[in-house]
Amino acid sequence: MKFGKNICILNVGGTKYAFTREVIKDFPLRRVSRLHSCSSEKEVLEVCDDYDRERNEFFFDRHSEAFVFIMLYVRSGKLRFVPQMCELSFYNEMIYWGLESSHLEFCCQRRLEDRMSDTYTYFSEEDIKTEVESTGEEDQVTRFASERGNARWLERMRRTFEEPASSVAAQILASVSVVFVIMSMVILCASTLPDWDTAKNNTPLLQSSVIIEAVCIGWFTAECIVRFIVSRDKCEFVRRPLNIIDFLAITPYYVSVAVTALTGENPQLQRAGVTLRVLRMMRIFWLIKLARHFLGLQTLGLTLRRCYREMVMLLVFVCVAMAIFSALAQLLEHGLDLETSNEDYASIPAACWWVIISMTTVGYGDMYPITIPGRVLGGVCVVSGIVLLALPITFIY
């Protein structure tokens, strides 16, 4: 910049900002930094809307409040949307000043993607035809409209399966999924009852339970496949925790069916029965599928993810205290006086069980100290457990 004063004034929608030439040269916003390389007023007017040579003031007819948030990004490195402002309008301001969507915080990026997908989904057919016909390419109208229609259909399907509150159809689909989860859990719980083996001799009851289980699995499998097909990014879909849980909940059924078909009633392959029971119990993961439809469970998972440092700190506190108190308990109850030794505390690992149930104030009563030093240690252990467990609660809250 070879003209004007040393101090440059940026007037953005009536709000003025004063910077030196050196700051303008290395300014993080590309449009502002381009002013430093301008050698004439003509080049300046290609960057801004107007220029006052006497005051060395550059005028930008842009949204002043949006620029305030963009300046906050320049200072702090965090860019978020302006409250009560359209996401697309703010995105246009970002593009004008030389920023991209990747500069936004992750939560705002998701909002922008959803907003852009909504706009893309509800793009009118008349606007499409008008735009294509105005370019003189009427032969592309059918193909262009078909591509838009397919994209619109996929986007609607994705929102229906991924966002239960997006439409009435999505709410109905989520309700049906919850019903199937409840039905599968009822059958799983009933299969562990003592009278279930006797009831299995009733052929109609057995067939009904098998059919219900197969229908539930079929529904979960179809839902997972459809959600994978309509997802935007297949790799991201596979990496999501809830989708991994869906896979872990569905796979055991097909594995158990395959193992049963291969082994049959062969007594030499009865070891597979243990594996089948373990696989059947893995269906309890279906309960986590409810997190997709209930905000409370999502909040719990988000809290645990954001507070993992505090959770690790809590586990470290408990483990250190457990190691100390279990060693002292084993020494006081079993190691000092062999004649009246307490066999429940014969080893440190055995004493660890007593320490953990004492620190958590559960106290099953299956083992307890009988010596006076051991009882004093037990009181200290309980009080220490209350204090140690209460310390990280503030951070987590």
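Position 1 is the first residue of the sequence, and the numbers go up from there.
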Where the side chain of Ser175 meets the backbone of Gln171, is there a donor-acceptor pair that is under 3.5 Å apart? yes
Phe180 reachable from Ile225 in the ILVMFWY side-chain graph, under 4.5 Å edges: no
How about Phe27 and Leu35: do any of their side-chain heavy atoms sit closer than 4.5 Å? no
With rounding to the nearest 0.5 angstrom, report the CG to CG distance, Leu314 to Leu388. 8.5 Å
Hphob cluster co-occupancy, Ile182 + Met185, side-chain heavy atoms under 4.5 angstrom: yes
Rounded to the nearest 0.5 angstrom, the CD-SG distance for Glu46 and Cys38 is 7.5 Å
As an exercise, state the distance from CD1 of Ile386 to OG of Ser358, rounded to the nearest 0.5 Å. 11.0 Å
Looking at His103 and Glu100, would you say the former's side chain and the latter's main chain have a donor-acceptor pair under 3.5 Å? yes
Side-chain heavy-atom pair Leu79, Phe90 within 4.5 angstrom cut-off: yes
Is the shortest side-chain heavy-atom distance between Cys216 and Ile212 below 4.5 Å? yes
Are Leu29 and Leu99 side-chain neighbours, meaning at least one heavy-atom pair lies under 4.5 Å? yes
Do Ile370 and Ile348 sit in one hydrophobic cluster, given that two such residues count as connected whenever their side-chain heavy atoms are within less than 4.5 Å of each other, even indirectly? no
Determine yes or no for a side-chain-to-main-chain donor-acceptor pair under 3.5 angstrom, with Glu43 supplying the side chain and Ser39 the backbone. yes
Taking side-chain hydrogen bond (donor to acceptor under 3.5 Å, both in side chains) as the test, write out the residues that go with Asn11, two or more places apart. Glu57
If the condition is side-chain contact (heavy atoms from CB on, under 4.5 Å), which residues does Pro28 pass it with, not counting sequence neighbours? Val74
Following the transitive rule for hydrophobic clusters with a side-chain heavy-atom cut-off under 4.5 Å over Ile, Leu, Val, Met, Phe, Trp and Tyr, establish whether Val382 and Val318 coincide in one cluster. no
About how many Å separate OG1 of Thr15 and NE2 of His63, when rounded to the nearest 0.5 Å? 10.5 Å
Treating Asn243 as the side-chain partner and Arg239 as the backbone partner, does any N or O pair qualify as donor plus acceptor under 3.5 Å? no
Using the ring pair (Phe, Tyr, Trp, His ring centres under 6.0 Å) rule, collect all pairs that involve residues 302-323, keeping only residues at least two apart or in two chains. none
Give, for atom CE of Met359 and atom SG of Cys352, the distance between the pair rounded to the nearest 0.5 Å. 11.0 Å
Which pair of heavy atoms, one from Trp219 and one from Ser177, lies closest together, and at what distance? NE1-CA, 3.6 Å
Apart from Phe228 itself, members of its ILVMFWY cluster (side-chain separation under 4.5 Å) are Phe237, Val238
Do Glu236 and Arg240 meet the salt-bridge criterion of a basic N to acidic O distance under 4.0 Å? yes
Taking the six-membered ring for Trp and the single ring otherwise, decide whether the centroids of Phe220 and Tyr253 are under 6.0 Å apart. no
Determine whether more than 12 heavy atoms belonging to other residues, nucleotides or ligands lie under 6.0 Å from atom NZ of Lys234. yes
On a heavy-atom basis, the closest approach of Leu45 and Asp50 is CD2-CA, 3.8 Å
After noting the C-alpha distance and the side-chain angles of Leu88 and Leu112, does the key distance pass the side-chain contact (heavy atoms from CB on, under 4.5 Å) rule? CA-CA 7 Å; Leu88 297 180; Leu112 179 61; 4.2 Å; yes
Closest approach of Phe58 and Cys8, non-hydrogen atoms and distance? CE1-CB, 3.9 Å
Take Ser33 and His36 through the side-chain contact (heavy atoms from CB on, under 4.5 Å) test and state the conclusion after the steps. CA-CA 6 Å; Ser33 61; His36 187 272; over 6 Å; no
Stepwise, does the side-chain contact (heavy atoms from CB on, under 4.5 Å) test hold for Cys224 with Phe247? CA-CA 8 Å; Cys224 190; Phe247 179 78; 5.9 Å; no
Verify the cluster assignment for Ile95 and Phe60: are they in a single hydrophobic cluster under the rule of side-chain heavy atoms below 4.5 Å apart? yes
Across all chains, not counting sequence neighbours, the side-chain contact (heavy atoms from CB on, under 4.5 Å) partners of Arg80 are Lys78, Glu105, Cys108
Answer yes or no: is there a side-chain heavy-atom contact under 4.5 Å between Glu41 and Arg53? yes
How many angstroms lie between OG in Ser384 and CG in Leu389, if you round to the nearest 0.5 Å? 10.5 Å
In sequence, state the C-alpha distance, the side-chain angles, and the governing distance for Val12 and Trp97, and then conclude on side-chain contact (heavy atoms from CB on, under 4.5 Å). CA-CA 11 Å; Val12 182; Trp97 295 109; 3.9 Å; yes
Would you mind reporting whether Leu104 and Met94 have side-chain heavy atoms less than 4.5 Å apart? yes
Cation over ring, Arg62 on Tyr96, under 6.0 Å and within 45°? yes
Do Met367 and Glu333 make a side-chain contact, defined as non-hydrogen atoms from C-beta onward lying under 4.5 Å apart? no
Kindly write out the residues that satisfy side-chain contact (heavy atoms from CB on, under 4.5 Å) with Asp366, not counting sequence neighbours, or none if the list is empty. Trp353, Ile357, Tyr364
Between Asp344 and Tyr368 (side chain of the first, backbone of the second, donor and acceptor by atom type, cut-off under 3.5 Å), is there such a pair? no
pair Tyr51-Asp49: side-chain heavy atoms closer than 4.5 Å: no
